[in-house]
Amino acid sequence: MSTDGRYRRIWNQVAIIPPGKVASYGQIAQLAGMPRGARMVGRALGRAPAELKLPWHRVLNAQGRIALPPDSRGYQRQQEQLQQEGIEVISGRVDLSRFGWRPTLDELVWGPGMLSDSDPGGESGA
DNA sequence: CGTGTGACTGACC
DNA sequence: AGGTCAGCCACAC
């Protein structure tokens with residue numbers, strides 16, 4: 001399994017976060033099959049090709065807080081895009097109990113993967 | 001190839 | 001509520 005392959009699974013998960021909802025790095029990591037890969041999610045987002053148009057702003061830390069440096073450009077952009085979707089952001093923080101994404105079985109099964117999933121190599125299982 | 005780092009997290013204090 | 005620590009793993013040196 002290549003690093004790129006893991007990143008792709010992460011990107012896939014981020015891509016299916018519905019508008020108006022947010023997920024944590026750890027949550028995305030878990031959905032991607034990497035229970036302790038929270039840090040890798042952040043790295044993957046940084047490496048994500050722009051053309052994927054990933055809703056990266058919907059990814060917050062376990063506290064519902066924006067993980068980027070408060071004085072950074074990305075921080076401001078993320079907060080702005082979240083509010084743009086109707087997500088209430090207070091002091092760079094979102095109430096996960098209200099806006100946290102609760103993935104449904106359908107979303108997990110019928111997500112980006114499925115018919116036209118770009119999976120050249122094919123996983124060794126499933 | 002060893003070390004330090006970080007868009008993280010959970011456990012402790 | 002905040003600070004420290006140890007895991008985590010790809011990456012830069």
Side-chain angles (χ1 to χ4, degrees):
Chain A
M1 163 81 76
S2 65
T3 323
D4 193 62
R6 289 179 197 163
Y7 283 168
R8 292 184 70 145
R9 288 225 290 275
I10 289 172
W11 296 335
N12 282 340
Q13 291 304 326
V14 174
I16 65 177
I17 302 174
K21 292 293 181 182
V22 299
S24 73
Y25 292 87
Q27 181 179 3
I28 293 300
Q30 185 165 342
L31 291 175
M34 308 167 220
R36 264 104 242 146
R39 305 196 80 140
M40 219 171 68
V41 172
R43 191 163 282 290
L45 289 182
R47 286 178 53 108
E51 53 265 31
L52 289 182
K53 292 171 184 166
L54 250 46
W56 63 271
H57 57 280
R58 300 188 190 132
V59 185
L60 307 171
N61 68 17
Q63 272 56 246
R65 250 194 162 305
I66 292 176
L68 276 63
D71 51 15
S72 71
R73 190 59 172 45
Y75 179 98
Q76 187 176 356
R77 194 158 57 246
Q78 181 164 21
Q79 177 168 316
E80 192 172 326
Q81 292 189 180
L82 285 171
Q83 296 178 325
Q84 201 167 262
E85 299 188 350
I87 295 174
E88 195 174 351
V89 185
I90 300 173
S91 300
R93 184 169 47 191
V94 170
D95 185 345
L96 294 181
S97 68
R98 284 171 34 190
F99 301 101
W101 174 42
R102 323 238 334 282
T104 64
L105 202 51
D106 276 358
E107 285 173 314
L108 293 178
V109 175
W110 293 88
M114 247 346 259
L115 303 178
S116 45
D117 182 359
S118 35
D119 187 1
E123 303 302 325
S124 26

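Below, read A as the first sequence line, B as the second, and so on, with proteins coming before strands; counting in each chain starts at 1.
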For the pair Arg65(A) (side chain) and Ser91(A) (backbone), establish whether a donor and an acceptor sit closer than 3.5 Å, ignoring hydrogens and angles. yes
For the side chain of Met40(A), starting at C-beta, report the closest nucleotide among dA7(B), dC9(C), dC11(C). dC9(C)
Mind calculating the distance between CG (Leu45(A)) and P (dC11(C)) to the nearest angstrom? 14 Å
Within the 4.0 Å heavy-atom criterion, would you say Ser24(A) contacts the bases, only the backbone, or no part of the nucleic acid? sugar-phosphate
I need the CD-C1' distance between Gln27(A) and dC8(B), as an integer number of Å. 14 Å
Between Gln13(A) (CD) and dA7(B) (C1'), how many Å, whole number? 18 Å
Could you report the tightest heavy-atom contact between Ile10(A) and Met34(A), atom names first, then the distance? CG1-CE, 3.8 Å
Examine distances only and state if a side-chain atom of Trp101(A) and a backbone atom of Pro18(A) form a donor-acceptor pair shorter than 3.5 Å. no
How many whole angstroms separate atom CZ of Arg65(A) from atom C1' of dG2(C)? 13 Å
To the nearest Å, how far apart are Gln63(A) CD and dA7(B) P? 15 Å
Assuming nearest nucleotide by heavy-atom distance, tell me which of Arg47(A) and Arg93(A) is located more 5' along DNA chain C. Arg93(A)
What does Arg36(A) touch in the nucleic acid at a heavy-atom separation under 4.0 angstrom: a base, only the sugar-phosphate, or nothing? sugar-phosphate
Strictly distance-based, threshold 3.5 Å: is any side-chain N or O of Gln78(A) a donor or acceptor partner for the main-chain N or O of Val59(A)? yes
It should be established whether Tyr7(A) places a side-chain nitrogen or oxygen under 4.0 Å from OP1 or OP2 of nucleotide dC9(C). no
Should dC12(B) form a Watson-Crick or G-U wobble pair with both distances under 3.5 Å, which nucleotide is its partner? dG3(C)
Between Pro49(A) and Trp11(A), the two heavy atoms sitting closest are CD-CH2, 3.6 Å
For the pair made of CD1 in Ile10(A) and P in dA7(B), what is the distance, rounded to whole Å? 15 Å
Which nucleotide in the set dT9(B), dC11(C), dG7(C) lies at the smallest distance from any side-chain heavy atom of Arg43(A)? dC11(C)
Length of the line joining Ile28(A):CD1 and dC8(B):C1', which is rounded to integer Å: 13 Å
In whole Å, what is the span from the CG atom of Asn61(A) to the P atom of dG6(B)? 16 Å
What does Gly46(A) touch in the nucleic acid at a heavy-atom separation under 4.0 angstrom: a base, only the sugar-phosphate, or nothing? base
